[in-house]
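Right, one structure below, let's go through it.
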Amino acid sequence: MKSSHSYSRRKSGKRSGFLKYLLIIILIGAAFGWYRYSQYQYFIENPVDPTDSEKITFIIAKGESLSQVAQNLEDKDLILNADALKSYAKQTQTDRNIIAGRFAIQRSMTIPQVVETITNAQNSETVITILEGHTVADIDNTLVTTDLINPGEFSAAVNNFEDWDKYPFLDKDAQAGLIHPLEGYLFPDTYFIDPLNYYNENLIQLMLNNFQNRLADEIDKDQGRSLQEIIIMASIVEKEVRTDKDIPIVAGILWKRLDEGWLIGADATLLYLKDDRTIDYNDLQEDTPYNTRKNAGLPPGPICNPGIKSIIGTLYPENSPYWYYLTTLDTGEVIYASSNDEHNANKRKYL
């Protein structure tokens, strides 16, 4: 019979062995933690290149997470380690203070300096992207969502525009009486704005200058049509189709209809007047110059601010045998027809 004393020694030995293993695990964990801490401290305290003072543009999009920002900084070789930046930001409770915008970052900056830069509003430029086909009202909404203005302020600045003489490509006589006088000429693009010194008038100037610069080679050419007519048509094309291959074809169809005295027949022109962007049978009967299914000729002004592809496609349309087109509801494919009967058959098939 084994003694209780012998059993106690075995039990004590097992406990001692367990404690040794536990101690080893703790020591390994502590060593790994110390190594990780030391490694992070190295990444935090040291820049990518202390001798490189070149300023590199770094953009943080609205809604980007701390992990995305940190990884983008590492991918651009602006910090040594993304996890180290995340760790530092959480330790210093700055992880929720990162600002969307454009920043100037140097590879000679340490992670604390980078974090200080991207959490300070005075260092940022707000990124504003105006999409092709946006109207003045759409631009106003975009600026509201970025907290730059109160609703209606940008639209009011457009409507109160007075610097006609600075932009010879504008036609005050043709534009001044429109719903929004500069509609069509506020060039869609990405703009970088200083939020602390933002003025609607400055953004309008940037957009008009961009229009002038991007279309400098075309503005003074004799196209046989006025620039206002071209921009009106380009704005319709912008709203009717978006695929590159279809833009010049549809532009050719609409110019052909106009030149032959046909109705342009584009629902997009009537939608310009609708806040909910939908039209019904009663809308189609409305007697407004923007109803190109009822009234001949172009509408009084552009119905949006077209992008460069729609403008160039309208300037250089493609000749085709077609007079009609529709866009399928499922794939967005543009289906063409040479006759009304063919077009009606397409409507039955695709719509």
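- The two residues Val127 and Arg102 have their closest heavy-atom pair at CG2-N, 4.1 Å.
- A donor-acceptor pair is defined here as one N or O able to donate and one able to accept, closer than 3.5 Å; such a pair exists between the side chain of Arg293 and the backbone of Gly265.
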Show me, pair by pair, the donor-acceptor contacts under 3.5 angstrom made by side chains of residues 148-161, not counting sequence neighbours?
unit_1	atom_1	unit_2	atom_2	d
Asn150	ND2	Glu153	OE2	3.2
Glu153	OE1	Asn150	N	3.1
Ser155	OG	Asp140	OD2	3.3
Asn159	OD1	His180	ND1	3.0
Asn159	ND2	Ser155	O	3.4
Asn160	ND2	Ala156	O	3.0

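- Remark: side-chain polar atoms of Lys76 are paired, donor with acceptor, to backbone N or O of Thr57 under 3.5 angstrom.
- Aromatic ring centres of Phe211 and Phe169 lie closer together than 6.0 Å.
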Item to complete: Go through Asp267 and Lys239 one step at a time and tell me if the salt bridge (Lys or Arg N to Asp or Glu O under 4.0 Å) criterion holds.
Response: CA-CA 9 Å; Asp267 289 343; Lys239 287 295 191 180; over 6 Å; no
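- The minimum heavy-atom distance between Ile232 and Pro300, with the atom names listed, is CD1-O, 3.7 Å.
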Item to complete: Test side-chain contact (heavy atoms from CB on, under 4.5 Å) on Met207 and Ile130 and set out the steps.
Response: CA-CA 10 Å; Met207 300 175 87; Ile130 307 303; 3.9 Å; yes
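- Other residues, nucleotides and ligands contribute only 12 or fewer heavy atoms inside 6.0 Å of the CG atom of Asp217.
- Geometrically, Lys256 engages Trp323 in a cation-pi contact, judged by NZ or CZ lying under 6.0 Å from the ring centre and within 45° of the ring axis.
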Item to complete: Apply side-chain contact (heavy atoms from CB on, under 4.5 Å) to the pair Phe187 and Leu208, showing each step before the final yes or no.
Response: CA-CA 7 Å; Phe187 198 82; Leu208 291 175; over 6 Å; no
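- Taking 4.0 Å as the cut-off between side-chain N and carboxylate O, Asp49 and Arg107 do not count as a salt-bridged pair.
- Side-chain contact between Lys90 and Leu66: present, with at least one pair of heavy atoms (C-beta onward) separated by less than 4.5 Å.
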Worksheet entry | side-chain contact (heavy atoms from CB on, under 4.5 Å) between Ile118 and Asn97, worked out | CA-CA 8 Å; Ile118 63 177; Asn97 299 336; over 6 Å; no
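- Without hydrogens or angle criteria, Glu218 side chain to Ile312 main chain gives no donor-acceptor distance under 3.5 Å.
- Between Tyr324 and His343, the ring planes are parallel. Angles under 30° get that label, and only those over 60° would be called perpendicular.
- Leu186 places a side-chain heavy atom less than 4.5 Å from the side chain of Val136.
- The distance from the CD atom of Glu116 to the CG atom of Asn123 is 6.5 Å, given to the nearest 0.5 Å.
- Contact between Pro188 and Pro306 at its shortest, heavy atoms only, is CD-O, 3.4 Å.
- Taking the side chain as every heavy atom from C-beta outward, Asn72 and Glu74 never approach each other to under 4.5 Å.
- Here the OH atom belonging to Tyr167 is positioned 6.5 Å from the CG atom belonging to Asp163, to the nearest 0.5 angstrom.
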Item to complete: Check the pair Asn210, Tyr191 against side-chain contact (heavy atoms from CB on, under 4.5 Å), reporting the backbone distance first and the verdict last.
Response: CA-CA 10 Å; Asn210 200 5; Tyr191 296 91; 3.0 Å; yes
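- A donor-acceptor contact under 3.5 angstrom links the side chains of Asp246 and Thr243, judged on distance only.
- Within the 3.5 Å criterion, the main-chain N or O of Asp52 finds a donor-acceptor partner in the side chain of Ser108.
- Relative ring orientation between Tyr272 and Tyr290 is described as tilted, the plane-to-plane angle lying within the 30° to 60° band.
- Here the closest heavy-atom approach between residue Ser320 and residue Ile249 is recorded as OG-CG2, 4.2 Å.
- Put simply, CD1 on Ile79 and CG on Leu85 are 4.5 Å apart, with the number rounded to the nearest 0.5 Å.
- When all heavy atoms of Gln228 and Gly301 are compared, the closest pair comes out as NE2-CA, 4.1 Å.
- Asn141 and Asp138 share no donor-acceptor pair across their side chains, judged by distance under 3.5 Å alone.
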Practice prompt. Check the pair Thr328 / Thr331 against side-chain hydrogen bond (donor to acceptor under 3.5 Å, both in side chains), numbers first and verdict last.
Written response: CA-CA 6 Å; Thr328 60; Thr331 65; 2.9 Å; yes
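- Looking only at distances, a side-chain donor or acceptor of Thr146 sits under 3.5 Å from a matching main-chain atom of Thr142.
- For the 3.5 Å distance criterion, the side chains of Glu240 and Tyr325 qualify, holding a donor opposite an acceptor.
- Heavy-atom contacts from other residues, nucleotides or ligands closer than 6.0 Å to CZ of Phe43 number more than 12.
- The distance from the CD atom of Glu183 to the CG atom of Leu178 is 9.0 Å, given to the nearest 0.5 Å.
- The side-chain heavy atoms of Asn46 and Thr110, taken from C-beta on, include no pair separated by under 4.5 Å.
- One hydrophobic cluster holds both Ile98 and Leu73 under the rule that ILVMFWY side chains link at heavy-atom gaps under 4.5 Å.
- Taking OG1 from Thr314 and NZ from Lys309, the interatomic distance works out to 14.0 Å, rounded to the nearest 0.5 Å.
- In this structure, Asp77 places its CG atom where more than 12 heavy-atom neighbours from other residues, nucleotides or ligands lie under 6.0 Å away.
- Side chains of Ile303 and Ile236 form a contact here, defined as non-hydrogen atoms less than 4.5 Å apart.
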Item to complete: Evaluate the side-chain hydrogen bond (donor to acceptor under 3.5 Å, both in side chains) criterion for residues Thr119 and Thr94: first the C-alpha distance (whole Å), next the side-chain angles of each, then the deciding distance (0.1 Å), finally the verdict.
Response: CA-CA 7 Å; Thr119 56; Thr94 54; 5.8 Å; no
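- A distance-only check finds no donor-acceptor pair linking the side chain of Ser235 to the backbone of Pro302 [under 3.5 Å].
- In this structure, Pro195 and Glu125 approach most closely via the heavy-atom pair CD-CA, 4.2 Å.
- Of the possible donor and acceptor atoms, one in the side chain of Glu342 sits under 3.5 Å from a partner among the backbone N and O of Ser338.
- The main-chain N or O of Gln113 is found under 3.5 Å from a side-chain atom of Thr117 such that the two form a donor-acceptor pair.
- Residues Leu258 and Leu263 are members of separate hydrophobic clusters, defined by side-chain heavy-atom contacts under 4.5 angstrom among Ile, Leu, Val, Met, Phe, Trp and Tyr.
- Under the 3.5 Å distance criterion, the side-chain polar atoms of Gln106 are matched with a main-chain donor or acceptor of Ser53.
- Put simply, CG on Asn305 and NE2 on His134 are 9.5 Å apart, with the number rounded to the nearest 0.5 Å.
- Checking side-chain atoms of Ser124 against main-chain N and O of Ala121 turns up a donor-acceptor pair under 3.5 Å.
- Ionic pairing of Asp165 and Lys172 is not present here: no N-O contact between side-chain nitrogen and carboxylate oxygen is shorter than 4.0 angstrom.
- More than 12 heavy atoms of other residues, nucleotides or ligands shown are found within 6.0 angstrom of NZ on Lys274.
- Phe192 places a side-chain heavy atom less than 4.5 Å from the side chain of Ile59.
- For Tyr199, the OH atom counts as loosely surrounded, since its 6.0 Å shell holds 12 or fewer non-hydrogen atoms of other residues, nucleotides or ligands.
- Judged purely by distance below 3.5 Å, without hydrogens or angles, the side chains of Gln71 and Asp75 pair a donor atom with an acceptor atom.
- Grouping the Ile, Leu, Val, Met, Phe, Trp and Tyr side chains by contacts below 4.5 angstrom, directly or via other members, places Met109 with Ile56.
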